Amino acid sequence: MRAGPLSDSSVIDLLNSSFVCVYVNNEDYRESGSAPADEQKELARIREEGLEKKLSVGTVHAYVLTPDGHPVDSLHVAEAAKPGNTLSMLERAVERFQPKPGAPVIPPTAQSSPPPAGADSVVLHLVSRIWGRGSWGDIPAENWIVLRPEQWSKLLPPPPVESGHSWELDRDVSAKILTYFYPQTENNNADVARIQNLSLTGKVLAVENGSVTARVDGFVEMQHAFYAGRDKQPLRADVVGVLIWQPAGPPTLKLVTTTAEYLGHPFDVAVESTSHPVP
Amino acid sequence: MDKRVAERQPPASDKRFDEIAWVPGIRRAIQLGTEDDRPIFLYTGDGKINTGRC
(Lines give C-alpha, C1' and ligand atoms only; values in the text may rest on other atoms or scores of the structure.)
Protein backbone atom coordinates (compact mmCIF):
# COMPACT_ATOMS: atom_id res chain seq x y z
CA MET A 1 0.00 0.00 0.00
CA ARG A 2 2.77 2.40 0.90
CA ALA A 3 4.52 1.95 -2.42
CA GLY A 4 1.21 2.02 -4.31
CA PRO A 5 -1.89 4.10 -3.58
CA LEU A 6 -0.46 5.76 -0.48
CA SER A 7 2.29 7.25 -2.64
CA ASP A 8 -0.12 8.34 -5.39
CA SER A 9 -0.67 12.09 -5.70
CA SER A 10 -4.39 11.79 -6.46
CA VAL A 11 -4.96 9.60 -3.39
CA ILE A 12 -2.80 11.78 -1.13
CA ASP A 13 -4.53 14.97 -2.25
CA LEU A 14 -8.01 13.53 -1.75
CA LEU A 15 -7.15 12.06 1.65
CA ASN A 16 -5.73 15.35 2.87
CA SER A 17 -8.51 17.55 1.52
CA SER A 18 -11.58 15.50 2.35
CA PHE A 19 -10.80 12.75 4.90
CA VAL A 20 -9.50 12.14 8.37
CA CYS A 21 -6.76 9.53 8.00
CA VAL A 22 -5.58 6.99 10.53
CA TYR A 23 -3.55 3.80 10.33
CA VAL A 24 -3.03 1.13 12.93
CA ASN A 25 -0.38 -1.53 13.27
CA ASN A 26 -2.24 -4.69 14.22
CA GLU A 27 0.21 -5.91 16.84
CA ASP A 28 -0.36 -2.69 18.79
CA TYR A 29 -4.09 -3.41 18.82
CA ARG A 30 -3.90 -7.04 19.94
CA GLU A 31 -4.78 -7.83 23.54
CA SER A 32 -1.17 -7.63 24.64
CA GLY A 33 -0.42 -4.69 22.34
CA SER A 34 0.65 -1.18 23.30
CA ALA A 35 -2.53 0.60 22.14
CA PRO A 36 -4.86 1.72 24.96
CA ALA A 37 -7.73 -0.63 25.70
CA ASP A 38 -10.28 1.92 24.46
CA GLU A 39 -8.45 2.09 21.11
CA GLN A 40 -8.43 -1.70 20.82
CA LYS A 41 -12.17 -1.78 21.54
CA GLU A 42 -12.82 0.75 18.78
CA LEU A 43 -11.00 -1.34 16.18
CA ALA A 44 -12.83 -4.47 17.33
CA ARG A 45 -16.14 -2.60 17.08
CA ILE A 46 -15.37 -1.39 13.55
CA ARG A 47 -14.55 -4.93 12.43
CA GLU A 48 -17.68 -6.35 14.05
CA GLU A 49 -19.85 -3.72 12.40
CA GLY A 50 -18.12 -4.39 9.08
CA LEU A 51 -18.96 -8.08 9.35
CA GLU A 52 -22.58 -7.26 10.21
CA LYS A 53 -22.73 -5.07 7.09
CA LYS A 54 -21.11 -7.86 5.05
CA LEU A 55 -18.12 -5.72 4.15
CA SER A 56 -14.72 -7.23 3.48
CA VAL A 57 -13.10 -7.40 6.94
CA GLY A 58 -9.70 -8.63 8.03
CA THR A 59 -6.40 -7.67 9.53
CA VAL A 60 -4.84 -6.02 6.48
CA HIS A 61 -7.55 -3.79 5.07
CA ALA A 62 -8.47 -0.28 4.02
CA TYR A 63 -11.78 1.03 5.37
CA VAL A 64 -13.94 4.08 4.89
CA LEU A 65 -15.87 5.07 8.00
CA THR A 66 -18.61 7.60 8.50
CA PRO A 67 -17.48 10.82 10.22
CA ASP A 68 -18.57 9.30 13.54
CA GLY A 69 -16.70 6.07 12.95
CA HIS A 70 -18.97 3.42 11.40
CA PRO A 71 -17.68 1.36 8.45
CA VAL A 72 -19.36 1.84 5.08
CA ASP A 73 -16.80 0.52 2.60
CA SER A 74 -13.63 -1.57 2.64
CA LEU A 75 -11.00 -3.30 0.54
CA HIS A 76 -8.65 -6.15 1.29
CA VAL A 77 -5.10 -4.95 0.79
CA ALA A 78 -4.69 -7.13 -2.29
CA GLU A 79 -7.55 -5.20 -3.90
CA ALA A 80 -6.72 -1.84 -2.36
CA ALA A 81 -3.20 -1.99 -3.79
CA LYS A 82 -4.40 -2.45 -7.36
CA PRO A 83 -4.22 0.74 -9.42
CA GLY A 84 -7.33 2.86 -9.07
CA ASN A 85 -9.18 0.78 -6.48
CA THR A 86 -8.39 2.84 -3.42
CA LEU A 87 -9.02 6.08 -5.30
CA SER A 88 -12.39 4.74 -6.47
CA MET A 89 -13.35 3.83 -2.89
CA LEU A 90 -12.43 7.32 -1.72
CA GLU A 91 -14.36 8.94 -4.55
CA ARG A 92 -17.44 6.89 -3.63
CA ALA A 93 -17.13 8.23 -0.09
CA VAL A 94 -16.82 11.82 -1.31
CA GLU A 95 -19.93 11.35 -3.43
CA ARG A 96 -21.80 9.95 -0.45
CA PHE A 97 -20.67 12.30 2.32
CA GLN A 98 -19.99 15.48 0.32
CA PRO A 99 -17.23 16.71 2.67
CA LYS A 100 -16.18 20.31 2.25
CA PRO A 101 -12.65 20.18 0.76
CA GLY A 102 -10.07 21.99 2.79
CA ALA A 103 -6.72 21.83 4.49
CA PRO A 104 -5.63 18.61 6.23
CA VAL A 105 -7.17 18.24 9.68
CA ILE A 106 -3.68 18.20 11.19
CA PRO A 107 -0.31 19.03 9.63
CA PRO A 108 1.34 15.99 8.02
CA THR A 109 4.43 14.88 9.93
CA ALA A 110 7.19 12.31 9.56
CA GLN A 111 5.82 8.90 10.55
CA SER A 112 9.19 7.33 11.29
CA SER A 113 11.07 9.39 13.84
CA PRO A 114 13.59 8.80 16.62
CA PRO A 115 12.09 7.58 19.88
CA PRO A 116 12.53 9.54 23.10
CA ALA A 117 15.65 8.46 24.91
CA GLY A 118 17.91 9.74 27.66
CA ALA A 119 20.26 12.57 26.79
CA ASP A 120 23.16 10.23 27.44
CA SER A 121 21.79 7.52 25.11
CA VAL A 122 22.86 6.84 21.54
CA VAL A 123 20.02 6.56 19.02
CA LEU A 124 20.88 4.90 15.74
CA HIS A 125 18.82 5.19 12.57
CA LEU A 126 19.03 2.21 10.24
CA VAL A 127 17.89 2.11 6.61
CA SER A 128 17.77 -1.15 4.66
CA ARG A 129 16.83 -1.75 1.05
CA ILE A 130 16.93 -4.87 -1.08
CA TRP A 131 17.53 -4.74 -4.81
CA GLY A 132 15.76 -6.77 -7.47
CA ARG A 133 12.68 -7.77 -5.43
CA GLY A 134 10.09 -5.63 -7.18
CA SER A 135 7.42 -4.23 -4.91
CA TRP A 136 9.08 -5.57 -1.78
CA GLY A 137 12.05 -3.37 -2.52
CA ASP A 138 10.18 -0.24 -3.48
CA ILE A 139 10.22 1.36 -0.05
CA PRO A 140 13.24 0.94 2.24
CA ALA A 141 12.81 -0.30 5.79
CA GLU A 142 13.87 1.68 8.83
CA ASN A 143 14.70 0.90 12.45
CA TRP A 144 15.56 3.03 15.45
CA ILE A 145 18.02 1.45 17.87
CA VAL A 146 18.56 2.92 21.33
CA LEU A 147 21.79 2.22 23.20
CA ARG A 148 21.85 3.26 26.84
CA PRO A 149 25.16 4.31 28.43
CA GLU A 150 25.74 0.87 29.92
CA GLN A 151 25.39 -0.53 26.40
CA TRP A 152 27.26 1.94 24.20
CA SER A 153 30.13 2.07 26.68
CA LYS A 154 30.78 -1.59 25.83
CA LEU A 155 31.48 -0.63 22.23
CA LEU A 156 34.57 1.32 23.32
CA PRO A 157 37.99 -0.16 24.14
CA PRO A 158 39.45 -0.07 27.63
CA PRO A 159 42.12 2.59 28.19
CA PRO A 160 44.77 3.40 27.30
CA VAL A 161 43.55 4.21 23.78
CA GLU A 162 46.36 4.68 21.31
CA SER A 163 46.55 4.94 17.55
CA GLY A 164 46.76 1.51 15.96
CA HIS A 165 45.09 -0.26 18.89
CA SER A 166 42.56 -2.93 17.83
CA TRP A 167 39.75 -4.44 19.86
CA GLU A 168 36.60 -6.51 19.52
CA LEU A 169 33.37 -4.59 20.13
CA ASP A 170 31.06 -6.19 22.69
CA ARG A 171 29.19 -9.05 21.06
CA ASP A 172 25.81 -8.47 22.74
CA VAL A 173 25.71 -4.78 21.87
CA SER A 174 26.92 -5.50 18.35
CA ALA A 175 24.13 -8.06 18.01
CA LYS A 176 21.57 -5.46 19.12
CA ILE A 177 22.59 -3.43 16.05
CA LEU A 178 23.37 -6.13 13.51
CA THR A 179 20.15 -8.06 14.13
CA TYR A 180 18.38 -5.39 12.04
CA PHE A 181 20.73 -5.94 9.09
CA TYR A 182 18.06 -7.63 6.99
CA PRO A 183 16.13 -6.28 4.02
CA GLN A 184 12.41 -5.67 3.67
CA THR A 185 10.61 -8.92 4.46
CA GLU A 186 7.14 -9.78 5.65
CA ASN A 187 8.66 -11.33 8.76
CA ASN A 188 10.03 -8.78 11.18
CA ASN A 189 11.12 -10.97 14.03
CA ALA A 190 14.47 -9.40 14.84
CA ASP A 191 15.37 -11.76 17.69
CA VAL A 192 19.14 -11.85 18.15
CA ALA A 193 18.85 -15.65 18.42
CA ARG A 194 18.67 -15.62 14.59
CA ILE A 195 22.32 -14.61 14.53
CA GLN A 196 24.74 -17.47 14.01
CA ASN A 197 27.96 -15.54 13.84
CA LEU A 198 29.07 -11.93 14.05
CA SER A 199 32.09 -9.79 14.63
CA LEU A 200 32.79 -6.06 14.83
CA THR A 201 36.45 -5.13 15.23
CA GLY A 202 37.65 -1.61 15.90
CA LYS A 203 41.02 -0.10 15.05
CA VAL A 204 42.01 3.32 16.35
CA LEU A 205 43.00 5.57 13.47
CA ALA A 206 43.63 8.82 15.32
CA VAL A 207 43.65 10.35 18.78
CA GLU A 208 43.54 14.14 18.69
CA ASN A 209 42.81 16.39 21.67
CA GLY A 210 41.05 13.51 23.38
CA SER A 211 38.85 12.75 20.37
CA VAL A 212 39.24 9.21 19.11
CA THR A 213 38.43 8.08 15.58
CA ALA A 214 38.29 4.36 14.88
CA ARG A 215 37.52 2.24 11.87
CA VAL A 216 35.10 -0.66 12.34
CA ASP A 217 35.06 -3.80 10.21
CA GLY A 218 32.90 -6.85 10.60
CA PHE A 219 30.11 -9.09 9.47
CA VAL A 220 26.94 -10.82 10.54
CA GLU A 221 25.53 -14.18 9.51
CA MET A 222 22.01 -15.16 10.46
CA GLN A 223 19.03 -17.28 9.50
CA HIS A 224 16.04 -15.10 8.67
CA ALA A 225 12.63 -16.19 7.41
CA PHE A 226 10.98 -14.05 4.73
CA TYR A 227 7.53 -15.00 6.03
CA ALA A 228 6.83 -15.38 9.74
CA GLY A 229 6.80 -19.00 10.80
CA ARG A 230 8.27 -20.30 7.56
CA ASP A 231 11.67 -21.81 6.86
CA LYS A 232 14.62 -19.55 7.52
CA GLN A 233 17.17 -18.71 4.88
CA PRO A 234 20.81 -17.70 5.31
CA LEU A 235 21.81 -14.06 5.25
CA ARG A 236 25.26 -12.50 5.35
CA ALA A 237 26.29 -8.89 5.51
CA ASP A 238 29.82 -7.48 5.57
CA VAL A 239 30.11 -4.06 7.13
CA VAL A 240 32.51 -1.19 7.56
CA GLY A 241 32.11 1.87 9.73
CA VAL A 242 33.48 4.72 11.78
CA LEU A 243 33.24 5.18 15.54
CA ILE A 244 34.14 8.56 17.03
CA TRP A 245 34.12 9.48 20.70
CA GLN A 246 35.51 11.75 23.36
CA PRO A 247 36.18 10.72 26.95
CA ALA A 248 33.17 12.54 28.41
CA GLY A 249 30.39 11.69 25.99
CA PRO A 250 28.56 9.09 23.97
CA PRO A 251 30.11 8.01 20.67
CA THR A 252 28.80 8.58 17.17
CA LEU A 253 28.64 5.53 14.96
CA LYS A 254 28.23 5.04 11.23
CA LEU A 255 28.04 1.65 9.58
CA VAL A 256 27.33 0.57 6.00
CA THR A 257 27.24 -2.78 4.29
CA THR A 258 29.95 -3.40 1.74
CA THR A 259 28.34 -6.61 0.49
CA ALA A 260 25.11 -8.14 1.73
CA GLU A 261 22.89 -10.82 0.25
CA TYR A 262 19.62 -12.52 1.10
CA LEU A 263 17.70 -14.96 -1.09
CA GLY A 264 20.09 -14.29 -3.94
CA HIS A 265 19.47 -10.54 -3.91
CA PRO A 266 21.92 -7.87 -2.76
CA PHE A 267 20.79 -5.37 -0.16
CA ASP A 268 22.22 -2.22 1.36
CA VAL A 269 22.12 -1.06 4.96
CA ALA A 270 23.24 2.24 6.46
CA VAL A 271 23.31 3.13 10.16
CA GLU A 272 24.09 6.48 11.71
CA SER A 273 23.75 8.19 15.06
CA THR A 274 20.97 10.77 15.21
CA SER A 275 19.69 13.42 17.55
CA HIS A 276 16.60 12.38 19.52
CA PRO A 277 13.96 13.83 21.79
CA VAL A 278 14.67 13.58 25.50
CA PRO A 279 11.67 12.69 27.70
CA MET B 1 31.57 6.94 4.82
CA ASP B 2 29.40 10.06 5.08
CA LYS B 3 28.67 9.90 1.36
CA ARG B 4 27.69 6.23 1.47
CA VAL B 5 25.39 6.76 4.43
CA ALA B 6 23.78 9.78 2.77
CA GLU B 7 23.23 7.94 -0.49
CA ARG B 8 21.27 5.22 1.30
CA GLN B 9 18.78 7.54 3.02
CA PRO B 10 15.22 7.34 1.65
CA PRO B 11 14.60 10.07 -0.94
CA ALA B 12 11.42 12.15 -0.78
CA SER B 13 9.82 9.86 -3.35
CA ASP B 14 10.05 7.02 -0.80
CA LYS B 15 8.47 9.13 1.94
CA ARG B 16 5.25 10.24 0.28
CA PHE B 17 3.43 8.33 3.04
CA ASP B 18 4.53 11.19 5.31
CA GLU B 19 2.66 13.70 3.13
CA ILE B 20 -0.63 12.28 4.41
CA ALA B 21 -2.08 13.91 7.52
CA TRP B 22 -2.22 10.79 9.68
CA VAL B 23 -4.08 11.25 12.93
CA PRO B 24 -2.74 9.32 15.94
CA GLY B 25 -5.45 6.86 16.95
CA ILE B 26 -8.95 5.82 15.97
CA ARG B 27 -10.69 7.77 18.72
CA ARG B 28 -8.92 10.98 17.71
CA ALA B 29 -9.89 10.30 14.09
CA ILE B 30 -13.54 9.93 15.06
CA GLN B 31 -13.39 13.12 17.11
CA LEU B 32 -11.96 15.07 14.16
CA GLY B 33 -14.26 13.37 11.67
CA THR B 34 -17.26 14.43 13.72
CA GLU B 35 -15.97 17.97 14.23
CA ASP B 36 -15.07 18.49 10.55
CA ASP B 37 -17.84 16.33 9.09
CA ARG B 38 -15.33 14.34 7.07
CA PRO B 39 -15.35 10.60 6.40
CA ILE B 40 -12.50 8.59 7.88
CA PHE B 41 -9.94 6.53 5.98
CA LEU B 42 -8.63 3.71 8.16
CA TYR B 43 -5.77 1.40 7.16
CA THR B 44 -4.97 -1.64 9.30
CA GLY B 45 -1.84 -3.67 8.61
CA ASP B 46 0.64 -6.15 10.03
CA GLY B 47 4.08 -4.93 10.92
CA LYS B 48 4.82 -1.23 10.89
CA ILE B 49 3.84 0.49 7.66
CA ASN B 50 5.39 3.74 8.88
CA THR B 51 8.90 2.22 8.98
CA GLY B 52 8.56 -0.15 6.05
CA ARG B 53 8.94 -3.15 8.36
CA CYS B 54 5.63 -4.66 7.29
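Letters A, B, ... are given to chains in the order of the sequence lines, protein chains preceding strands, and every chain is numbered from 1. Nothing here was measured: the structure is a model prediction, and the numbers come from that model.
B/Arg38 contributes no side-chain N or O that, together with a main-chain N or O of A/Pro99, makes up a donor-acceptor pair within less than 3.5 Å. A donor-acceptor contact shorter than 3.5 Å links the side chain of A/Asn188 to the backbone of B/Arg53. Counting only distance, with no hydrogens or angles, the side chain of B/Thr44 and the backbone of A/Thr59 share a donor-acceptor pair below 3.5 Å. In this structure a side-chain-to-backbone donor-acceptor pair under 3.5 Å is present from A/Glu27 to B/Gly47. For A/Glu142 (side chain) and B/Gly52 (main-chain N/O), no donor-acceptor pair under 3.5 Å exists by modelled atom type. With A/Asp68 contributing its side chain and B/Thr34 its backbone, the two residues share no donor-acceptor pair below 3.5 Å.
Both the backbone and the side chain of A/Ser9 come within contact range of chain B, with heavy atoms under 4.5 Å apart. For A/Glu272, the part lying under 4.5 angstrom from a heavy atom of chain B is the side chain only. Looking at A/Val77, the atoms closer than 4.5 Å to chain B (heavy atoms on both sides) all sit in the side chain, from C-beta outward. For a residue to count as touching a neighbouring chain, one of its non-hydrogen atoms must lie under 4.5 Å from one of that chain's; by this rule A/Pro183 touches chain B with the backbone only. Looking at A/Pro36, only its side chain comes within 4.5 Å of chain B, counting heavy atoms on both sides. Within the 4.5 angstrom heavy-atom criterion, only backbone atoms of A/Val269 (N, CA, C, O) approach chain B. When heavy atoms are compared at a cutoff of 4.5 Å, A/Leu14 does not approach chain B at all. For A/Asp28, the part lying near chain B is the side chain, with the backbone staying farther off; criterion is any non-hydrogen pair under 4.5 Å. Residue contact with chain A, scored on non-hydrogen atoms closer than 4.5 Å, involves the side chain of B/Asp36 exclusively. Contacts between A/Arg45 and chain B at a heavy-atom distance below 4.5 Å involve the side chain alone, from C-beta outward. The contact between A/Val127 and chain B is made entirely by side chain atoms (from C-beta outward), counting heavy-atom distances below 4.5 Å.
Contact between B/Trp22 and A/Ile106 at its shortest, heavy atoms only, is O-CD1, 3.0 Å. Considering every non-hydrogen atom in both B/Gly25 and A/Tyr29, the closest pair reads CA-OH, 4.1 Å. Residues B/Val5 and A/Val256 share a closest heavy-atom pair of CG2-CG1, 3.6 Å. Among all heavy-atom pairs drawn from A/Arg2 and B/Asn50, the shortest one is NH1-O, 3.2 Å. Residues A/Asp138 and B/Asp14 share a closest heavy-atom pair of O-OD1, 3.4 Å. Between B/Lys48 and A/Asn25, the closest heavy-atom pair is CA-OD1, 3.5 Å.
Atom NZ of A/Lys203 has 12 or fewer heavy atoms from other residues, nucleotides or ligands within 6.0 Å. For A/Glu95, the CD atom counts as loosely surrounded, since its 6.0 Å shell holds 12 or fewer non-hydrogen atoms of other residues, nucleotides or ligands. With a 6.0 Å radius and a threshold of 12 heavy atoms from other residues, nucleotides or ligands, A/Lys53 has its NZ atom above the threshold.
B/Tyr43 OH to A/Leu75 CG: the interatomic distance, rounded to the nearest 0.5 Å, is 11.5 Å. The distance from the CD atom of A/Gln40 to the CD1 atom of B/Ile26 is 9.5 Å, given to the nearest 0.5 Å. With rounding to the nearest 0.5 Å, the separation of OG in B/Ser13 from CD1 in A/Ile139 is 7.5 Å. Atoms CZ and CG, on A/Phe97 and B/Asp37 in that order, are 9.0 Å from each other to the nearest 0.5 Å. Here the CD1-CE distance, from B/Ile49 to A/Met1, works out to 6.5 Å after rounding to the nearest 0.5 Å. Put simply, CG on B/Asp18 and OG on A/Ser7 are 9.5 Å apart, with the number rounded to the nearest 0.5 Å.
Ring geometry for B/Phe17 against A/Tyr23 counts as tilted: the plane angle lies between 30° and 60°, on a 0 to 90° scale.
Residues A/Val242 and B/Asp2 have side chains not in contact (no heavy-atom distance under 4.5 Å, counting atoms from C-beta outward). Between A/Val240 and B/Met1 the shortest side-chain heavy-atom distance falls below 4.5 Å. Between B/Phe41 and A/Leu6, the closest side-chain pair of non-hydrogen atoms falls below 4.5 Å. Within the 4.5 Å cutoff, side-chain heavy atoms of A/His125 are placed close to those of B/Gln9. Residues B/Gln31 and A/Val105 are not in side-chain contact: their nearest non-hydrogen atoms beyond the backbone lie 4.5 Å or more apart.
Shown here are the salt bridge (Lys or Arg N to Asp or Glu O under 4.0 Å) partners of B/Arg16, two or more places apart in sequence or in another chain: B/Glu19. When the ring-ring contact (aromatic ring centres under 6.0 Å, His included) test is applied to A/Tyr182, the partners found at least two apart in sequence or on another chain are A/His224.
Between A/Asp38 and B/Arg28 there is no salt bridge, since no side-chain nitrogen of the basic residue lies less than 4.0 Å from a carboxylate oxygen of the acidic one.
Between the side chains of B/Arg8 and A/Thr257, at least one donor N or O lies within less than 3.5 Å of an accepting N or O.
Interface remark: of the candidates B/Gly33, B/Gly45, B/Pro10, B/Gly45 forms the most heavy-atom pairs closer than 4.5 Å to chain A.
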